[in-house]
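Below: the structure, in C-alpha cells.
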Amino acid sequence: MPGSTSPGTIRNPDGWWRGASIYQVYLRSFADGNGDGTGDLAGLRARLPYLSELGVDAIWLNPWYPSPMADGGYDVADYRNIEPVFGTLAEAEKLIEEAHDLGIRTIVDVVPNHGSDQMVWFQEALEAGPGSEARERFWFRPGNGDGPPNGWKSIFGGPAWTQVPDGEWYLHLFAPEQPDFNWNNPAVREEFLDVLRFWFDRGVDGIRIDSAAVLVKDLDSVEESYTDHDGVHEIYREWRRIADDYGQRVLIGEVWLPDQERFALYLRPDEMHTAFNFAFLASPWEPDALRDVIDMTLATHVPIGAPATWVLSNHDVTRPATRFGRADTSFDHGDRKHGMPSDFELGTRRARAAALLAMALPGSVYVYQGEELGLWEVEDIPDDLREDPIWARSGHTDPGRDGCRVPLPWSGGEPPFGFSTGVPWLPQPAGWSTMTVEDQLADPESMLSLYRAALGIRRERLGDGVMAWLPLGDGVLAFTRDSGLICVVNLGSQPVRLPPHESILLTSGPLDGDLLPTDTTAWLSS
Ligand code: NOJ
C-alpha cells in the first residue's frame, strides 16, 4: 500500500484527533431540554458535565440542521442553520464554546451527497424546469420510455429515481426526499467549501463527511456506478486545504469500502485525516477475524501515517450488547438479523470485553451514545411509530435503524427516564429502569463505570502509537502498547493465565483467581 499513496507531508502530525476518544451524540435522543419529546441543544448543554466526567475528548453530532427529518436529519434543508426543534444557531455557538471550556471539541456532520427536497435549491430546480441552471445542481434527466433514466436502485430500497410533474426524473441514492447533488457542477463545490468555512468560523473542530465515497456518478452506466470514483479525491483535497488553513481541524470520512487499497487513498496526507473503521465494527466476535481486521487496519494506516479508528457502534448499526449475544455476531447492513435471538447477558459480557479491546488499540476510538450504558437494540418498537425510511422503502420487511436510536435513560424507574418531561419520540423499554445513568453511576460494576474507568486510563496512557502482539495461544488476543500497557482478550472457551505483569489496571469482568475467563479483557501494567 505505501506505493499507492502520493507523496506529501503529514501536516499536524500531532493532531489532537490521532488518539482521541470521540463520543457520538445523536441529538434527537440524547436529552430533551424543552419537554417536546425530542432531544435538543439545551438538553445537551445541560449534560456536558456528564460527557466531561465520562472522559471524552470530542463530540460528534449527527446533522443538526433544519430538516423535514425524512432520514433523521440526513435530509438537510439549510446547511447554515439549526433545526428549530433542536434550538438556534446562537445556542449551537454557545454549545461549541461551553464544550471547549470543558476541554471537549465539537465535530459536525456535513452531508455532501444529497440535500432535502425542501431546500431552496431543489424548490428552485422544480420551478425552473428542464434545461435550467437550477436543475444542473442535481441530477435531473428525461425518462427512458415510461420508466426512469436507468435501473439504479436506492440504498434504502426501491428505485433511485423519482419523477417530477413535468416528466423529468431526479436521482436519489437514498430516500426520494434526499435529491443527490451534481458534483460536476462548480456551484455545488463552491457551496460546500463555503459551508465548511461557515462552521469552522464558528469554532467547530472537525467535520464528519457523510456517504463520502459516493459523490461522483457515471449515469451512463447501466450498472450502479457511484461508489469510489477517482473524481471524488479532488473534492477532498479542496476540503483539506480549507481545514489546513484553519489548523487543527479534522476531516473524518464515512467511507464504507472493503478494498483497503482504495480506502487508503482517502487518507493520503492531503485528503481526509481519518475514516471510520467499519471492518472492525462489522467483525464477528471471533479471535481470528478480529486479529485479521486489526492487522489489516494497521497495515493500511501505518504506512501512510494516518491514525486508525476503532468503532463498535453508531446510529446505523445494531447495538453491540444485542449483536454479540447472537449466534451470528457479525454486522451486515443487508441483513440486520432483526429478531434473531440474543442472550443479553452474554452479549453484555462480550460488549464489555470488546470496549476494552477497542480502547486499547492505537488510534482514535468512537463511543456511540448509549453504548457506555450497554443499551440493547430495541426490537419491539410498534410498527406505526417506526421512523426510519428503510422500514417503508423495504416494503416493511426491514425495520431499519430505529432500534439503536431510542432516547437515553437518564434517571428514575420508568419512561421517560429523565430524558424529557414529555413523551419521547420513540418509546423506551420499561426494562431500562436498571440501565439509567443514575443507577449506573452508583454501581462500580456497571457498564458506565467500566467506560469511565477505561476512558480515564486511556487518556493517561493510550491513544495513538504502536502495539505488538503477544503470542498467548489460540483464542487469545494479547498485545502490548508503547505505554507499557498489556491488553489480553480471551475469546477462547477456556480460562487463560495472565502473562507476567506488575499490576492489574482494569478488567471487563471478574477474574477467576489469576485466570482470565472467556469473553473477558484485562488491562495490565507491565
Ligand atoms: C450515512 C448516515 O450515517 C445514515 O444515517 C444516513 O441515512 C445515510 N448516510 C444517508 O445520509
Side-chain angles (χ1 to χ4, degrees), residues 22 24-30 39 60-77 79 83 107-119 122 138 152-158 160 171-181 183 192 195 206-215 217 224 226-228 232 251-257 266 272 274-278 281-282 309 311-319 331-334 336 366-371 377 386-394 398-406 425-426:
I22 300 167
Q24 182 190 348
V25 176
Y26 194 73
L27 199 52
R28 297 171 95 186
S29 298
F30 186 72
W60 148 38
L61 292 115
N62 291 97
W64 55 1
Y65 316 103
S67 168
M69 297 283 157
D71 180 22
Y74 283 94
D75 46 324
V76 179
Y79 287 82
E83 163 59 39
I107 296 162
V108 298
D109 213 316
V110 168
V111 188
N113 180 64
H114 47 266
S116 157
D117 61 349
Q118 299 306 310
M119 73 186 294
F122 194 74
F138 301 93
W152 291 14
K153 296 273 171 275
S154 149
I155 292 166
F156 286 165
L171 178 74
H172 51 85
L173 292 187
F174 295 92
E177 295 87 349
Q178 296 168 290
D180 279 38
F181 292 117
W183 276 87
F192 276 92
V195 166
I207 304 284
R208 181 261 188 192
I209 309 168
D210 186 68
S211 307
V214 301
L215 272 51
K217 280 108 192 169
E224 270 129 31
Y226 52 76
T227 305
D228 191 36
V232 83
L251 300 178
I252 306 163
E254 190 209 12
V255 183
W256 290 86
L257 284 182
Y266 290 76
M272 300 171 186
T274 73
F276 296 106
N277 190 343
F278 293 119
L281 177 152
T309 67
V311 189
L312 289 171
S313 69
N314 66 32
H315 65 293
D316 292 330
V317 309
T318 310
R319 291 273 189 197
F331 176 78
D332 176 359
H333 275 292
R336 305 177 63 85
Y366 286 80
V367 177
Y368 170 51
Q369 71 179 41
E371 185 188 309
E377 182 81 6
R386 292 192 185 283
E387 290 231 352
D388 188 345
I390 290 178
W391 171 238
R393 291 191 62 81
S394 68
D398 181 349
R401 304 159 295 179
D402 290 326
C404 64
R405 300 174 174 182
V406 173
W425 70 280
L426 282 177

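Being a predicted model, the structure only gives us computed values, none of them experimental. Atom set for the values below is all heavy atoms of this structure, side chains included, hydrogens, waters and symmetry mates excluded. Atoms within each ligand, like the ligands themselves, are counted from 1 in listed order. All residue numbers in this chain count up from 1 along the given sequence.
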* Asked: Below 4.5 Å, heavy atoms only, C-beta onward: do Asp117 and Pro176 meet side chain to side chain?
  ->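 SC-SC contact between Asp117 and Pro176 ruled out.
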
* Asked: Less than 4.5 Å apart, any side-chain heavy atom of Val111 and any of Phe174?
  ->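 They are not in side-chain contact.
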
* Of Val76, Leu61, Asp210, Ile207, the residue whose pairing with Asp109 passes side chain to side chain contact (heavy atoms under 4.5 Å, CB included) -> Asp210

* Compile the protein residues with any heavy atom at a distance under 4.0 Å from an atom of ligand 1; present them by chain, then by number. => Asp71, Tyr74, His114, Phe156, Phe174, Arg208, Asp210, Ser211, Glu254, His315, Asp316, Arg401, Arg405

* To do: In plain terms, say whether Arg405 and Asp316 are close enough for a salt bridge, that is, a side-chain N and a carboxylate O under 4.0 Å apart.
  => yes

* Chi angles and distances behind the ring-ring contact (aromatic ring centres under 6.0 Å, His included) call for His333, Phe278 -> CA-CA 11 Å; His333 275 292; Phe278 293 119; 7.7 Å; no

* To do: Please check if any side-chain donor atom of Asp75 sits under 3.5 Å from a side-chain acceptor atom of Ser67, or the reverse.
  =>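 Result is yes, a qualifying pair exists.
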
